[in-house]
Amino acid sequence: MFQLKWQDPVGLDDKAKLSAARNFEQGGNKWVAATLRWLDAYGTAELGVRANMTLDSETDVLLVVIGRYTGPLLSAGGLDRRAAWTDWASLLQSISSGALVTLSKLCEDLIQRQQAVTELEIDDSYAFPIGSMTVAFGMSQQTADTNGPISL
């Protein structure tokens, strides 16, 4: 099941980015929790009836929260791990990389891409995945041999 979060562009405004990230996280987490509560109450067979599909109690339901822009990259701290979180560009990259063999593989790939971004430890930065790499922009310090710290 997919939750599409239609975010507004926020540009370079840090307050707007943080607000969009909080809204993305809170709205997505609310959807994940509500969806899983509904599935616990009614089951996958009822989901199948309502979706005009044949599902049984053994059917795995995978949850994916998709942001229009970069929501999960900005708000990785409190994302409900019972779902895969992504933005539109990362979803397309994942599909074009061949991860859409099965929906389960697609979700695994999306989770790996999200983890690659959230595990970076660069202060005041922005990062996004491209293929198997993560590109990060921002400020950091490195110590040069004799010249002291260098701001990049």
Side-chain angles (χ1 to χ4, degrees), residues 1-14 16-40 42-140 142 152:
M1 296 180 70
F2 294 87
Q3 167 74 1
L4 304 175
K5 303 298 289 176
W6 193 260
Q7 304 161 303
D8 291 325
V10 293
L12 299 176
D13 181 356
D14 286 338
K17 282 189 227 177
L18 292 174
S19 176
R22 272 192 307 276
N23 291 340
F24 179 81
E25 180 180 307
Q26 291 169 355
N29 283 341
K30 184 177 176 181
W31 175 77
V32 170
T35 301
L36 292 175
R37 276 194 311 274
W38 189 93
L39 287 168
D40 284 343
Y42 299 101
T44 53
E46 178 62 20
L47 175 64
V49 168
R50 292 179 184 218
N52 199 26
M53 300 168 51
T54 302
L55 303 177
D56 59 33
S57 60
E58 301 301 314
T59 302
D60 287 331
V61 176
L62 305 170
L63 303 179
V64 181
V65 181
I66 305 171
R68 180 180 183 193
Y69 297 109
T70 57
L73 305 182
L74 298 172
S75 63
L79 303 178
D80 191 321
R81 297 293 170 203
R82 297 174 293 178
W85 296 73
T86 190
D87 58 72
W88 190 250
S90 295
L91 174 65
L92 294 178
Q93 288 174 340
S94 188
I95 290 169
S96 68
S97 74
L100 190 56
V101 176
T102 65
L103 289 176
S104 181
K105 293 283 186 199
L106 176 64
C107 286
E108 288 174 22
D109 188 70
L110 294 174
I111 290 167
Q112 288 175 352
R113 288 171 186 273
Q114 177 62 30
Q115 288 172 344
V117 171
T118 59
E119 290 172 1
L120 287 175
E121 293 185 16
I122 300 174
D123 293 332
D124 298 317
S125 68
Y126 173 76
F128 60 92
I130 296 179
S132 63
M133 301 179 346
T134 299
V135 176
F137 296 95
M139 299 299 291
S140 66
Q142 292 183 344
L152 301 174

Asks: Taking side-chain contact (heavy atoms from CB on, under 4.5 Å) as the definition, give me every residue that meets it alongside S96, ordered by chain and number, with sequence neighbours left out.
Replies: none

Asks: Going by the rule side-chain hydrogen bond (donor to acceptor under 3.5 Å, both in side chains), which residues pair with N29 if we only count those two or more places apart in sequence or in a different chain?
Replies: none

Asks: Restricting to side-chain contact (heavy atoms from CB on, under 4.5 Å), what partner residues turn up for L103, sequence neighbours left out?
Replies: L62, L100, L106

Asks: As an exercise, state the distance from CG of L47 to CE of M53, rounded to the nearest 0.5 Å.
Replies: 7.0 Å

Asks: Return the set of residues passing side-chain hydrogen bond (donor to acceptor under 3.5 Å, both in side chains) with T35 (not counting sequence neighbours), or none when no residue passes.
Replies: W31

Asks: Where is the tightest heavy-atom contact between A84 and C107, given as atom of each residue plus distance?
Replies: CB-O, 4.1 Å

Asks: Can you list everything that forms a side-chain hydrogen bond (donor to acceptor under 3.5 Å, both in side chains) with D56? Sequence neighbours excluded, please.
Replies: T59

Asks: State which residue, out of L79, T86, V32, fulfils the side-chain contact (heavy atoms from CB on, under 4.5 Å) condition with V65.
Replies: V32

Asks: Could you walk me through whether K105 and D109 satisfy the salt bridge (Lys or Arg N to Asp or Glu O under 4.0 Å) test, starting with their C-alpha distance in whole Å, then the side-chain angles of each, then the deciding distance to 0.1 Å, before giving a yes or no?
Replies: CA-CA 6 Å; K105 293 283 186 199; D109 188 70; over 6 Å; no

Asks: Can you confirm whether V61 sits close enough to L55 that some side-chain heavy atom of one is under 4.5 Å from a side-chain heavy atom of the other?
Replies: no

Asks: How close do L110 and S90 get, counting heavy atoms only, and between which atoms?
Replies: CD2-O, 4.2 Å

Asks: What residues form a side-chain hydrogen bond (donor to acceptor under 3.5 Å, both in side chains) with D80, not counting sequence neighbours?
Replies: R82

Asks: Who pairs with R37 by salt bridge (Lys or Arg N to Asp or Glu O under 4.0 Å), at least two apart in sequence or on another chain?
Replies: none

Asks: Test of understanding: with side-chain contact (heavy atoms from CB on, under 4.5 Å), list the residues that count as partners of I130, not counting sequence neighbours.
Replies: Q93, F128, V135

Asks: Mind checking what makes ring-ring contact (aromatic ring centres under 6.0 Å, His included) contact with F2, not counting sequence neighbours?
Replies: none

Asks: Closest approach of W85 and E25, non-hydrogen atoms and distance?
Replies: CH2-O, 3.9 Å

Asks: Answer yes or no: is there a side-chain heavy-atom contact under 4.5 Å between I66 and W88?
Replies: yes

Asks: Tell me, please, which residues at least two apart from E46 pass salt bridge (Lys or Arg N to Asp or Glu O under 4.0 Å).
Replies: R50

